[in-house]
Protein chains: 2
Amino acid sequence: MHQEQHPAPAPTRRLSREAIIDTALAQIDRSGAQSLSMRSLAQELGVEAMSLYRYVEGKDDLLERVVEQLMGDMTSRLDADLTEHWQGFLQALANEVRRLAVEHPKAFPLVATRPPAAPWLRPPLRSVELVNTFLSTLLGFGFTDEQAVHTYRSFSSFLLGQLLLEASVRGVDPVDTPFDDADPSGDDDESTLADAPQVLRLRPLLSEDRSEAEFETALEAVLDRLARDLAQ
Amino acid sequence: MHQEQHPAPAPTRRLSREAIIDTALAQIDRSGAQSLSMRSLAQELGVEAMSLYRYVEGKDDLLERVVEQLMGDMTSRLDADLTEHWQGFLQALANEVRRLAVEHPKAFPLVATRPPAAPWLRPPLRSVELVNTFLSTLLGFGFTDEQAVHTYRSFSSFLLGQLLLEASVRGVDPVDTPFDDADPSGDDDESTLADAPQVLRLRPLLSEDRSEAEFETALEAVLDRLARDLAQ
DNA sequence: CGGGCGCTGCTTACAGTGTAAGCACATATC
DNA sequence: GATATGTGCTTACACTGTAAGCAGCGCCCG
């Protein structure tokens, strides 16, 4: 029904919702969500801005679609990832969401901070299917309603805090060459840190990127905690 | 030095950085950071938009100042709040930041998600002084450098996840009268939830606002975990 | 006291944003 | 071939942040 009948009608002249969303995501990955405009997006698609409105309700809708695309087949990947204990499920979910944050650090803030469609959709778990999978999986493992919901809450805020911070670290462009940044005397850091001796002293330690290891251990801590809560 | 010499020169005609920042915060509290514009802010101050630029570098700078104002005297309040054990300090800090999130739910996303000035400033702890107080307090309690930094990391992502979610729940305007929202048949919720039976079933449970209690118990969990880490 | 000077707020202007409304043309159908 | 349908373009408007320069006031100094 929706098939093309021409052998090769035009190079890329044909617009499509998918292409728009993909290009939008690409542009966000490249230069951040802030600098995405309907016009720049249209230009990259070789098209005029208003043409996009045939496929998308507006910018908000577009961003929502991008988020939807990112959450994408996470649900299916998790269904396939059947494990024997709930810890395995949560671990798989955590890794899945983290992969998203690491692969799209500039886009992750969208997933994390866009106003959720419904009050029970807690970022960064933004798809109803996914939340449903979450709840029914846990219920399947014998959780009570309260336990499942409590776990959902704990887990989402764990993911949000951990990954939003990690994404924001990974999201900054390496434009700031950390050495030789002109201005060798009144360095921005030094001046601000004048009366913050501990920060100054611990700066190298604070700047280390331990995010992967920290994520793992924090995840284990959360799982431990949940196990303890369940046992009690 | 900065004294006024006139008895009463004009009603409010005198602009000031403080007044600008306060009004900006008020406007954000009222209608969200999204809808704050230099022009609307100027109008509320009975002034033209460009006048603001005498006191503020630009909009980004303004928002940064608002954040600064919010973090405000938190450091001093914490210094006064000397406690005997590090748990007390972290508890006081947590409550302080949570108070901020609860009192300014619409402004808190700024604190939480604005790109931090330095990589070692992890939202929502956005002031160098505060971070310095954090570190030196913990060091004062006998923490090693690594332990202090680790605690700083754990604690900031705990606060971020927990409070960003709480603020986003509290931040939505009660415009959505939950009943009688026209459109009685194809309700947005029902339609989306058609194939998410668990979400549909648990909706009341999911919509409950347990944020204060959850915050307390999550905080205790984090403190327990940290205590365990330290002992080992 | 007068003349400059600096500060304050205003005016104008421009480039950029999201998007509403209607037009032109290519395509698909009868 | 005529007509309907959709696709992309054009134009337009209200709004954003902000650069540049100007008008008037109060202050200080000669």
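If you're wondering where the values come from, they're calculated on a predicted model, not measured in any experiment. What's counted below: heavy atoms across the whole structure, side chains too, no hydrogens, waters or symmetry copies.
We find that CD of A:Glu48 is positioned 14 Å from P of C:dG16, with the value rounded to whole Å. Nucleotide C:dG18 holds its P atom 16 Å from the CD atom of A:Glu64, rounded to whole Å. To the nearest angstrom, C1' of D:dT11 lies 10 Å from CE of A:Met50. Atom CG of B:Leu52 is separated from atom C1' of D:dA19 by 15 Å (rounded to the nearest Å). For the pair B:Leu15 CG and C:dC7 P, the computed distance is 16 Å after rounding to whole Å. A straight line from CG of B:Asp61 to P of D:dT18 spans 10 Å, rounded to a whole angstrom. One can place CG of A:Leu62 at 14 Å from C1' of C:dT19, the figure rounded to the nearest angstrom. Rounded to whole Å, the distance from CZ on A:Arg54 to P on C:dG18 is 19 Å.
For C:dT8, neither phosphate oxygen OP1 nor OP2 lies less than 4.0 angstrom from any side-chain nitrogen or oxygen of B:Ser51. Neither OP1 nor OP2 of C:dG9 sits under 4.0 Å from any side-chain N or O of B:Tyr53.
Annotation: of the two residues near DNA chain C, B:Ser16 and A:Glu57, the 5′-most nearest-nucleotide partner is B:Ser16.
Contacts between residues 24-37 of chain A and DNA chain D, counted as heavy-atom distances below 4.0 Å, involve no residue at all.
Residues satisfying the salt bridge (Lys or Arg N to Asp or Glu O under 4.0 Å) test with A:Arg210, not counting sequence neighbours, are A:Glu208. Every residue meeting the salt bridge (Lys or Arg N to Asp or Glu O under 4.0 Å) condition with B:Asp60, not counting sequence neighbours, appears here in chain and number order: B:Arg114. With sequence neighbours excluded, the residues forming a salt bridge (Lys or Arg N to Asp or Glu O under 4.0 Å) with B:Arg99 are B:Glu96, B:Glu103, listed by chain and number.
Residue pairs meeting the side-chain hydrogen bond (donor to acceptor under 3.5 Å, both in side chains) criterion with at least one member in residues 126-135 of chain A, sequence neighbours excluded: A:Glu64-A:Arg126.
Side-chain atoms of B:Lys106 do not come within 3.5 Å of backbone N or O of B:Arg170 as any donor-acceptor pair.
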Anything under 3.5 Å between a donor and an acceptor, one on a side chain of residues 17-24 of chain A, the other on a protein residue two or more places apart or in another chain? List them.
unit_1  : atom_1 : unit_2  : atom_2 : d
A:Arg17 : NH1    : A:Tyr55 : O      : 2.9
A:Asp22 : OD1    : A:Gln69 : NE2    : 2.7
A:Thr23 : OG1    : A:Ala19 : O      : 2.6

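Side-chain atoms of A:Arg39 come within donor-acceptor range of the base of C:dG18, with a qualifying N/O pair under 3.5 Å.
In this model, no donor atom of one side chain and acceptor atom of the other lie less than 3.5 Å apart for B:Arg30 and B:Gln27.
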